[in-house]
Amino acid sequence: MKSVIVTAFGGTEVLEVRDVPQPEPAANEVLIKVAACGINYADIMQRDGLYPGGPKAPYGAGFEVSGVVEKVGADITQWKVGDEVMSFCSSGYSEYVVAQSWQVMPKPSQLSFHQAAAIPCQYLTAYHALLTLGQLSEGQTVLIQAAAGGLGTQMVQVARNVGATVIGTASTAEKCALIESLGCHHPINYTEQDFRAEVKSITGGKGCDLVIESVGGDVFEKSLKCLKTRGMLVTLGVASKQPQAIQAVHLLANNWIVAGMHLMAYTSDTVAMASAIRDLHTWLMEDKLTVIAKHEFPLEKAAEAHQFIEDRKSTGKVVLVP
Ligand SMILES: NC(=O)c1ccc[n+]([C@@H]2O[C@H](COP(=O)([O-])OP(=O)(O)OC[C@H]3O[C@@H](n4cnc5c(N)ncnc54)[C@H](OP(=O)(O)O)[C@@H]3O)[C@@H](O)[C@H]2O)c1
């Protein structure tokens, strides 16, 4: 089968499509015939060798897919051949993947396979960052950086669904129009407007209850200053590839909370996961969650797809199709 291998750390040229043996599921695994491979910004950071605790090259790229169960291991009782699923996995940019049973979730019937490939990582991160960790609630105000991205477009809707006032930043007028259509009350084109000044004006000088930050560098520093006293900033990523040091004394002086969040620490929290999946189904049924997944590339063009995201041309999810 075809699989995309990161041959060494580096730019998009290190992604190579290779013929590799199709994996066999172990007793506690299922084999999934992949319909869509989700691309995440973490894939780019891992390829660059910048992801803390990431795999050593060479390795198979990607960790999120949607598809159909092709074969089940001897101990599997909850999945059967033909089930439509979405799943975490390793070597996700492949025609087939194996996944342990806890990594697999049923694909909601309202979602296409392209859309379902955006749920394991991006929807669950959006949910747990805003609600499980951030405790965002009705009447509060949240600032979401990179709001038109894969994660961002889902965050905007989750925040709106719980009744928060949503402020989102993006780099173009088109991206701002998209997030506004998804329920962002205050889209800010940060290339034309100073987002800190805008937040100040929107919140009457008070600042936000919660800030979701995934860019790093100067944006991190400025985002911190958008918090109200006792507000929380959740740091999720460093898309700028410039990690920022935190001055502890600023946290003390302003009663600010800074929390790091990595999704994998939440997947074993059965209560929080059940709540995320229950709300996903409710919002899909009530038409309160739209998964934007309009960019697709053939598996062989993984390098082009990575470049497309790094050039900030994407909105919503980008998938590879085997
Ligand atoms: N901690 C976790 O568990 C977790 C899980 C999922 C995602 N994340 C993080 O969340 C962020 C979003 O992930 P995603 O997969 O949904 O990606 P994405 O948002 O679809 O793409 C990244 C976006 O970041 C913005 N950006 C700002 N500065 C950038 C720069 N210097 N270079 C490139 N892009 C820049 C761009 O939007 P504009 O053009 O609008 O600026 C770009 O479209 C990433 O930092 C990712 O690592 C973390």
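Side chains included, hydrogens not; waters and symmetry mates left out as well; all remaining heavy atoms used. When a ligand or atom number is given, it counts from 1 through the structure's own listing order.
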Consider only side-chain N and O atoms of Asn189 and Gln193, and report whether a donor and an acceptor are under 3.5 Å apart. no
If the contact criterion is a heavy-atom separation under 4.0 Å, does Gln122 count as touching ligand 1? yes
Tell me: protein heavy atom nearest atom 41 (O) of ligand 1, and distance? Tyr190 OH, 2.5 Å
Check: Asp194 side chain, Arg196 main-chain N or O, donor-acceptor pair, under 3.5 Å: yes
Judged by atom type as modelled, is there a donor-acceptor pair below 3.5 Å linking the side chain of Gln242 to the main-chain atoms of Val238? no
In terms of the angle between their ring planes, are Trp283 and Tyr127 parallel, tilted or perpendicular, with boundaries placed at 30° and 60°? tilted
Exercise: do Gln78 and Ser101 side chains pair donor with acceptor under 3.5 Å: yes
Nearest protein heavy-atom contact for atom 20 (O) of ligand 1: which residue, which atom, what distance? Gly150 N, 2.9 Å
Proximal atoms of ligand 1 relative to Asn40 (non-hydrogen, under 4.0 Å): 15 (O)
Looking only at distances, can you tell me whether any N or O atom of Met45, backbone or side chain, sits closer than 3.5 Å to an N or O atom of ligand 1? no
I'd like to check which ligand 1 atoms, numbered from 1 as shown, lie under 4.0 Å from a non-hydrogen atom of Val215. 27 (C), 28 (N)
Please check if any side-chain donor atom of Asn255 sits under 3.5 Å from a side-chain acceptor atom of Lys228, or the reverse. no
Do me a favour and list the nearest non-hydrogen protein atom to atom 40 (O) of ligand 1 with residue, atom name and distance? Ser171 N, 3.0 Å
Heavy-atom nearest neighbour in the protein, as seen from atom 24 (O) of ligand 1, with distance rounded to 0.1 Å: Ala146 CB, 3.7 Å
Thr267 side chain reached by Trp102 side chain, heavy atoms, under 4.5 Å: yes
On the 0 to 90° scale, with breaks at 30° and 60°, tag the His295-Phe308 ring pair as parallel, tilted or perpendicular. perpendicular
Regarding Glu198 and His186, do their side chains bring together a donor and an acceptor under 3.5 Å, going by distance alone? no
Check each atom of ligand 1 against the heavy atoms of Ala170 and keep those under 4.0 Å away; list them by number with element. 40 (O)
Can Glu70 and Lys33 be counted as an ion pair, charged N to O under 4.0 angstrom? no
Can you confirm, on distance only, whether ligand 1 has an N/O atom lying under 3.5 Å from any N/O atom belonging to Ser214? yes
Where ligand 1 meets Cys121 - atom numbers and elements under 4.0 angstrom, heavy-atom basis: 5 (C), 6 (C)
In terms of residue, atom name and distance, what is the protein heavy atom nearest to atom 21 (O) of ligand 1? Tyr41 CD1, 3.8 Å
Leu236 N/O under 3.5 Å from ligand 1 N/O: yes
Using heavy atoms and a 4.0 Å limit, tell me yes or no: is Gly152 in contact with ligand 1? no
With heavy atoms of Thr125 as the reference, note each atom of ligand 1 found under 4.0 Å away. 4 (C), 5 (C), 6 (C)
Just to confirm my output: which protein heavy-atom neighbour is closest to atom 19 (O) of ligand 1, and how far is it? Gly149 CA, 3.4 Å
Derivation and outcome, side chain to side chain donor-acceptor pair (under 3.5 Å), residues Glu64 and Ser87: CA-CA 6 Å; Glu64 168 182 68; Ser87 185; over 6 Å; no
Can you check whether Gly237 has an N/O within less than 3.5 Å of an N/O in ligand 1? no
Considering only heavy atoms of Leu151, which atoms of ligand 1 have at least one such atom less than 4.0 Å away? 7 (C), 10 (O), 16 (O)
What atoms in ligand 1 come closer than 4.0 Å to a heavy atom of His262? 1 (N), 3 (O)
Are side-chain N/O atoms of Tyr51 and Asp43 paired as donor and acceptor at under 3.5 Å? no
When you check the gap from the basic side-chain N to the acidic O, do Lys241 and Glu310 get nearer than 4.0 Å? yes
In ligand 1, the atoms that come under 4.0 Å of a heavy atom of Lys175 are 37 (O), 38 (P), 39 (O), 40 (O), 43 (O)
For atom 2 (C) of ligand 1, which candidate among His128, Glu213, Met261 provides the closest heavy atom? Met261
Is any N or O atom of Thr169, backbone or side chain, closer than 3.5 Å to an N or O atom of ligand 1? no
What's the shortest distance from atom 3 (O) of ligand 1 to any protein heavy atom, and which residue and atom give it? Leu263 N, 2.8 Å
Any salt bridge between Glu13 and Arg47, counting N to O under 4.0 Å? no
Can you tell me the protein heavy atom closest to atom 28 (N) of ligand 1 and the distance? Arg312 NH2, 3.3 Å
